[in-house]
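Reading through the structure tokens given below for one structure.
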Amino acid sequence: MHVVIMGCGRVGAALAQTLEQQGHTVAVIDRDPTAFRRLGSGFGGRRVTGVGFDQDTLREAGIEEAGAFAAVSSGDNSNIIAARVAREMFAIENVAARIYDPRRAEVYQRLGIPTVATVRWTADQMMRRLLPSGAEPLWRDPSGGVQLAEVHTSPAWIGHKISRLQEETGVRVAFLTRLGEAVLPTSQTVLQEGDLVHVMMRTEEIAKVEAACSQGPEEGGHA
């Protein structure tokens, strides 16, 4: 998959290197061409000098072929503008924005942009936003048989109850992240746009669960 990253600071460079090591193609955008030194001589991706929310700059970085976009520059406003352009103008499904002011998280989540606050930032958190089906589990029991993971759910699940998601996918929903806050759902909780779903599942069933969550509810089932 091709991934476009805006911002070549410490976070952006580390993310770019990790993604490339996993076999993805990567393009990094930064206003300052000297920032690309952080990528190292072994980085094989694109280095694009420009503003990350400029459409021509994004096209040069290959946004039209991208499967994910990360905005991790040093400015909250630039990050959210770039994330919205990637989502709304180029229809990129997996978009994430880094923010410095956690109080803005709710605003951004209402726009449908998953955010990662600087104070809680880890490479794995950002990876789970960009590559929902390929991230490391949040927790795994000592035997390795059961794990907690964030799963990508199809927009088709929006408006359906957690109980139906559990019934059709075989998972147990541990909690949701909604508008930047953790929510412990009940069987009557309805999935909303922007919800991040964290589930407990058997490790051997990861592929099956991810497929069921990404396909949406079965036709003709109960709401």
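By convention here, the first residue in the shown sequence is residue 1. Predicted model, so just to flag it, every value in this text is computed and none were measured.
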- [ ] Check for a donor-acceptor pair, side chain of R31 on one end and backbone N or O of G52 on the other, with a separation under 3.5 Å.
- [x] no

Open item on the list: For a 4.5 angstrom cut-off between non-hydrogen side-chain atoms, does V72 reach I5?
Closed with: yes

Open item on the list: I need the H2 NE2 to E64 CD distance, nearest 0.5 Å.
Closed with: 10.5 Å

Open item on the list: Donor-acceptor check, side chain of E20 to backbone of G44, threshold 3.5 angstrom: yes or no?
Closed with: yes

Task: Hydrophobic cluster identity match, I63 and M89, side-chain contacts under 4.5 Å - done: yes

Task: Test item: D30 side-chain N/O and A35 main-chain N/O as donor-acceptor pair under 3.5 Å - done: no

- [ ] Without swapping roles, check the side chain of Q166 against the backbone of V173 for a donor-acceptor pair under 3.5 Å.
- [x] yes

Task: Q55 and V85, any side-chain heavy atoms less than 4.5 Å apart - done: yes

Open item on the list: Can you tell me how far apart OG1 (T169) and CD (E205) are? Round to the nearest 0.5 Å.
Closed with: 9.5 Å

Task: Closest heavy-atom pair and its distance - R38, A13 - done: CB-CB, 3.8 Å

TODO: State the CH2-SG distance between W157 and C213, to the nearest 0.5 angstrom.
DONE: 7.0 Å

Task: Any side-chain heavy-atom pair of V171 and V151 under 4.5 Å - done: no

TODO: Give the minimum heavy-atom separation between L184 and A174, together with the two atoms involved.
DONE: CD2-O, 3.6 Å

TODO: Say whether, by atom type as modelled, one donor and one acceptor occur between the side chain of H160 and the main chain of G216 under 3.5 angstrom.
DONE: no

Open item on the list: Tell me the closest heavy-atom pair linking A66 and I92, and the distance in Å.
Closed with: O-CD1, 3.5 Å

TODO: Hey, could you give me the CZ/CG distance between F53 and N77, rounded to the nearest 0.5 Å?
DONE: 9.5 Å

Task: Closest contact, heavy atoms only, R47 versus G40 - done: NH2-O, 3.2 Å

Task: Under 3.5 Å: donor-acceptor pair, side chain of S163, backbone of S187 - done: yes

TODO: Check the pair L39, C8 against side-chain contact (heavy atoms from CB on, under 4.5 Å), reporting the backbone distance first and the verdict last.
DONE: CA-CA 8 Å; L39 295 169; C8 196; 3.7 Å; yes

TODO: Indicate yes or no: at least one non-hydrogen side-chain atom of Q147 is less than 4.5 angstrom from one of M200.
DONE: no

TODO: Could you tell me whether the side chain of V28 reaches within less than 4.5 Å of the side chain of F36, counting heavy atoms only?
DONE: yes

Task: Side-chain heavy atoms of H198 within contact of T177, under 4.5 Å - done: yes

Task: Test log, rule side-chain contact (heavy atoms from CB on, under 4.5 Å), inputs V26 and V4 - done: CA-CA 6 Å; V26 183; V4 177; over 6 Å; no

Open item on the list: Determine whether a donor-acceptor pair (N or O, by modelled atom type, separation under 3.5 Å) exists between the side chain of D195 and the backbone of L176.
Closed with: no

Task: Flag, side chain of T189 to backbone of T186, donor-acceptor distance under 3.5 Å - done: yes

- [ ] Look only at the side chain of T203 and the backbone of G144, and say whether a donor-acceptor pair between them is shorter than 3.5 Å.
- [x] yes

TODO: Quick one: do V3 and T25 satisfy side-chain contact (heavy atoms from CB on, under 4.5 Å)? Show the steps, please.
DONE: CA-CA 6 Å; V3 182; T25 61; over 6 Å; no

Task: Over 12 non-hydrogen atoms of neighbours within 6.0 angstrom of CZ in R59 - done: yes

Open item on the list: So which atom in N79 and which in R98 form the shortest heavy-atom distance, rounded to 0.1 Å?
Closed with: ND2-O, 2.8 Å

Open item on the list: If you compare all heavy atoms of V146 against all heavy atoms of R202, which two are closest, and at what distance to 0.1 Å?
Closed with: CG2-NH1, 4.1 Å

TODO: Indicate yes or no for a side-chain donor-acceptor contact from E168 to the backbone of E218 under 3.5 Å, with no hydrogens or angles considered.
DONE: yes

Open item on the list: Nearest 0.5 Å, please: how far is CG in L148 from CG in D141?
Closed with: 11.5 Å

- [ ] Enter the distance from L58:CG to M6:CE here, rounded to the nearest 0.5 Å.
- [x] 9.0 Å

Open item on the list: Count I, L, V, M, F, W, Y as connected when their side-chain heavy atoms are under 4.5 Å apart, and connections chain through other members. Are F175 and V190 then in the same cluster?
Closed with: no

